[in-house]
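Structure record follows, encoded as C-alpha cells.
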There are 2 protein chains.
Amino acid sequence: MGRKRLQEPADGRPTVHTVAARAGVSIASASRVLNGVGGSPETIRKVREAAAEVGYVPNAIARSLQSQRTGLVALAVEDIGNPVYVEMMRAIEAVVASSGRQLLVHATGGRIDNETALLRRLANRYVDGMIVSPIRVTDDHLTALTDSPVPVVVVGQLGADAPIDNVRTDSRHGVALAVDHLVATGRRRIGFVNGPLDTVPGAARDAGFRAALDRHGIPLDDELIEVGDFQYAAGRAATERLLARADPDALVCANDLIAVGALHALLVAGRRVPQDVALVGMDDTELARMMFPQLSSVSLGSAERGRRAAELLLQRIADAALPPRREQVPPNLVVRASSAATLPTPRPAAGSAGPPTTHPSSEGVTA
Amino acid sequence: MGRKRLQEPADGRPTVHTVAARAGVSIASASRVLNGVGGSPETIRKVREAAAEVGYVPNAIARSLQSQRTGLVALAVEDIGNPVYVEMMRAIEAVVASSGRQLLVHATGGRIDNETALLRRLANRYVDGMIVSPIRVTDDHLTALTDSPVPVVVVGQLGADAPIDNVRTDSRHGVALAVDHLVATGRRRIGFVNGPLDTVPGAARDAGFRAALDRHGIPLDDELIEVGDFQYAAGRAATERLLARADPDALVCANDLIAVGALHALLVAGRRVPQDVALVGMDDTELARMMFPQLSSVSLGSAERGRRAAELLLQRIADAALPPRREQVPPNLVVRASSAATLPTPRPAAGSAGPPTTHPSSEGVTA
DNA sequence: AGACTCCCCGGAAACGTTTACAGCTATCGG
DNA sequence: CCGATAGCTGTAAACGTTTCCGGGGAGTCT
C-alpha cells in the first residue's frame, strides 16, 4: 500500500485521505459516500465508520475552491445599530439561512469609499453574492455595481436605467401618507425633521414633503424644516433648533431614530404629544412601539424589502442569465398614540391619495 | 510554448496563469510579483502591466486553501437586535477590521442546539476564530468549546475551570450597585424584573439582587420579583404583572430592553418616574439615553468586553500555544433622571461596596 | 452462452493559489 | 582566472475537495 503523498497533515486533522485509507477505499469512493451519492452498502458502512472514528469534518475552503461557491452572502448597510437595518437583516438572514447559506454583515458607516472598496473586493470571490443598501449613490458606485463579478442586489433607489436587481419603496409617497394623515386630523403647522439632503432617502423625503404640503395647499415654511443625520442625537438636536424658532403642531420625521430624538426634545421642551404636537416617524421599527406614547410611523416594509432582496439574490446566484428585475414595496402608515386625533376639530380625510391602511394601535394615550 | 493545462476558465476571469502567460513569465514569478516578494525590475513591470490589463484579482478561496486561513472571524450572539450586542459588535468589528479581517455575525436566538451546531461547524474551518456569548451553558457547550479546532473566545461567565479564553463581567456586583444606589436614595420597596433564571446572566442577577437586599437588611418580598425573557415585550408584561399585585418604589431591570418595557408599563399605569418609582436598567446601551426620562443603567462594559475579546482572539489566532486567559471588566453605575434622588429623605450612601462611579446625567427631569 | 446494461470503484485531473527546490546567470572577491 | 555567492526564474508539489473517465464485475435479456 504505497501512498503517493503525505496524507496526514502535521496538525493531525483528518482529511478525506485519512478516511479513505482507514476504510481501505479510494478517496473518490470516500468522497462519494460522504456526499451521499453512490457507494455500495459495504463501502458506505466502512467509510461512515472510518469517518466517525477519526472525527472527519470536510474542509469548507477546499470544497469552496472546487465548487466555486462559498455558501456566504454579504449584506452591506450604513449602520448596523439602526433598527431598520436590524429588521432588514433579520429577514435576509432567515431567507439566506433557509438556503443553507450564511450571512456576512458589513457596516459601511455610509462612507462612499468604504462601500465601493467593498464592492471591488467582491472580485476576489469571497462571497457568492451581496445585498447592499447605499444611502448615497455615485457614478463610481454604479460602475462598481455593474461590473461586479458576483451577483449584487440593491435595496433602495437607483438610477432608473441601471441594469441591476433592485428592490425599492416609495418614500416620497410614504411622507405623503404621513402628511395626509396629519392634515386630516386637523394639523396645519407641520414640521419636518429630515436626514442629509445629499442622500437618496433624504432627497426623496424632502421632495415628498414639499409636494404633499403643496397638494394640500399649505404654504411651505422653511422655518419648519430641519436637517440632521439619520441618528437619534441629530434628530433631537435638530428638533431643539426647530422648536427654538417655530411652533409646529405636528412633526414628520425621516426615520424612527430621528422621531425618538424629536420626542425627547418635545417632552423636554414641555410639549405634550400628541395634544400639542403630533409626531410621525418613518420605518415603523420596534423602537416606535417601545416609546411612550407609542409612535405613529410610516412602514417602508424593511423586512419585506429584505426578504425580497434575498430572494432575488438567491435566484440570481442560481441563474446568472436572469434579466435584471426591479421590485417595489408600498409604504404603509401605522397610526399610534403619538398622532392620535385629539385636536378639537378633526375632519375626515379628503382627497388623499388612496386611503392609508392603518393597524389598530395596541393602546391609546392614557391621559 | 505548449501549456500543460487549460489556463483560461470558461467564465473568462483571469487567474495567475493568465497574467503569467500574458507577461511571458512563470506563474511562480507572477505570484511572487503580485505578492510583492522578489522579482527583477523588468519582470515586476511586465507582471504588473499584464495584471492591470486583464484586471486580475486574486481568488480569496484559493489563497485561503493554501494559507490555511480565511481572514474571517465569527461572532455568535443570541439576538442581534439587542442594542447591547450591537455595541459589542461594533467594538469587535473595529478591532477585527483593523487587523484586515472581516466579521461574520450569527444570531443564535439563544437556542442551545443552534449554538453547539455552530461550534461544531467550526471544524470545517470556514473561519479563523470565533467569539461567542452564550446565555446558557451546558456540558455539551463546554465539550464543543474545548475541542474546537479553531480558537474560540467566550464573552460571559463560564465554568471556572474551563481552559478557554474568556472575558467576563460581574453582573452580581452590577445588580448590587443598582440596589445600593436605590437604597441610598431612600427607596425600600425595590422590585426586580429579571430574565429567565436558567440563563447564566439571569441566575447571576437573581443571586446578586437577593444578596444585595440581604446586605441592606431589607427582607425579600417575592411579590416584588418578576421574570420574563430579556426582551422589551416581556419586560413590559412582567412589570404589568408585578404592578398588579405590589407597589414598588423602585425597579431594577436585568437589562435595558426590559427597563424600557418597564418604563412603558409604569407610565401606562400612571406612575411617575422617578417620583413614584425609580428605575434602573442594565447594560447602559444607547437605548437608556433615548428614553424620557433617561434611564439610569448599570454599564457592564459591553463595548470594552467586545474589544478585549477580539484582542484575545487575534492573539490566540497568532499563537495557539498561549495559555488560556481570563479577563474581567468591572460594572459601573450610570445615574440618570430615571432614578434621580427626588424622595423627601435621601440619605448618603453608606456601607456600599465601593463608591459607584457615576457619570453626570446630561439632563435632569423637567418637572 | 454471449452480449448488453448497470453499477461500483480507483486513478487522476481540476479548482487557483503559494512556495520549496533546484538551476541558471551574473557579480564579486581572492 | 576561477570559485563562491547572491538573486532571479521555472518546475512542481501542496492545500483538500469533487468529479470525469475508464475498467471491471455482476446481473439480465435474448
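Chain identifiers are assigned alphabetically (A, B, ...) following the order of the sequence lines, protein sequences preceding nucleic acid strands; residue numbering begins at 1 within each chain.
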Phosphate OP1/OP2 of C/dG16: any A/Tyr126 side-chain N/O under 4.0 Å
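Answer no for this pair, as no side-chain N or O of A/Tyr126 is under 4.0 Å from OP1 or OP2.
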Do the side-chain N or O atoms of B/Ser31 get closer than 4.0 angstrom to the phosphate oxygens (OP1, OP2) of C/dT18?
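So the side-chain polar atoms of B/Ser31 do come within 4.0 Å of the phosphate oxygens OP1 or OP2 of C/dT18, strictly under.
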Whole angstrom value for the distance that separates [atom2] of [N] from [atom1] of [X]:
X: A/Gln66; N: C/dA13; atom1: CD; atom2: C1'; answer: 10 Å
X: A/Gln68; N: C/dA14; atom1: CD; atom2: C1'; answer: 10 Å
X: B/Arg69; N: D/dA14; atom1: CZ; atom2: P; answer: 22 Å
X: A/Arg13; N: D/dC15; atom1: CZ; atom2: P; answer: 14 Å
X: B/Asn35; N: C/dG16; atom1: CG; atom2: P; answer: 17 Å
X: B/Ile27; N: D/dA12; atom1: CD1; atom2: C1'; answer: 9 Å
X: A/His17; N: D/dT18; atom1: NE2; atom2: P; answer: 11 Å
X: B/Leu65; N: D/dG16; atom1: CG; atom2: C1'; answer: 6 Å

Among all residues two or more places apart in sequence or in another chain, which pass the salt bridge (charged side-chain N to carboxylate O under 4.0 Å, His left out) test with B/Arg325?
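Partners of B/Arg325 by the salt bridge (charged side-chain N to carboxylate O under 4.0 Å, His left out) criterion, ordered by chain and then number, come out as B/Asp165.
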Is the closest basic N to carboxylate O distance between [X] and [Y] below 4.0 Å?
X: B/Glu311; Y: B/Arg308; value: no
X: B/Glu115; Y: B/Arg111; value: no
X: B/Arg120; Y: B/Asp113; value: no

Donor + acceptor pair across side chains of B/Thr143, B/Thr146 (<3.5 Å)
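Note: B/Thr143 and B/Thr146 side chains miss the donor-acceptor criterion.
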Nearest-nucleotide wise, let me know which of B/Ala30 and A/Arg63 is further upstream toward the 5' end of DNA chain D.
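Between the two, 5'-proximity favours B/Ala30.
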What residues, two or more places apart in sequence or in another chain, satisfy side chain to side chain contact (heavy atoms under 4.5 Å, CB included) together with A/Arg69?
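With sequence neighbours excluded, A/Arg69 shows a side chain to side chain contact (heavy atoms under 4.5 Å, CB included) to A/Ser67, A/Arg101, A/Asp128, A/Ile317, given in chain and number order.
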Considering only nitrogen or oxygen atoms on both sides, find all protein atoms under 3.5 Å from nucleotides 6-9 of chain C and state each distance.
from, atom 1, to, atom 2, distance (Å)
C/dC9, OP1, A/Ser40, OG, 2.8
C/dC9, OP1, A/Thr43, OG1, 2.5
C/dC9, OP2, A/Ser40, N, 3.1
C/dC9, OP2, A/Thr43, OG1, 3.2

Is any side-chain heavy atom of A/Arg45 closer than 4.5 Å to a side-chain heavy atom of A/Glu42?
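They are in contact (side-chain heavy atoms under 4.5 Å apart), so the answer is yes.
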Look at all strands and tell whether A/Ile61 reaches a base, only sugar-phosphate, or nothing, counting heavy atoms closer than 4.0 Å.
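Nothing: the residue A/Ile61, judged by heavy atoms under 4.0 Å, touches no strand.
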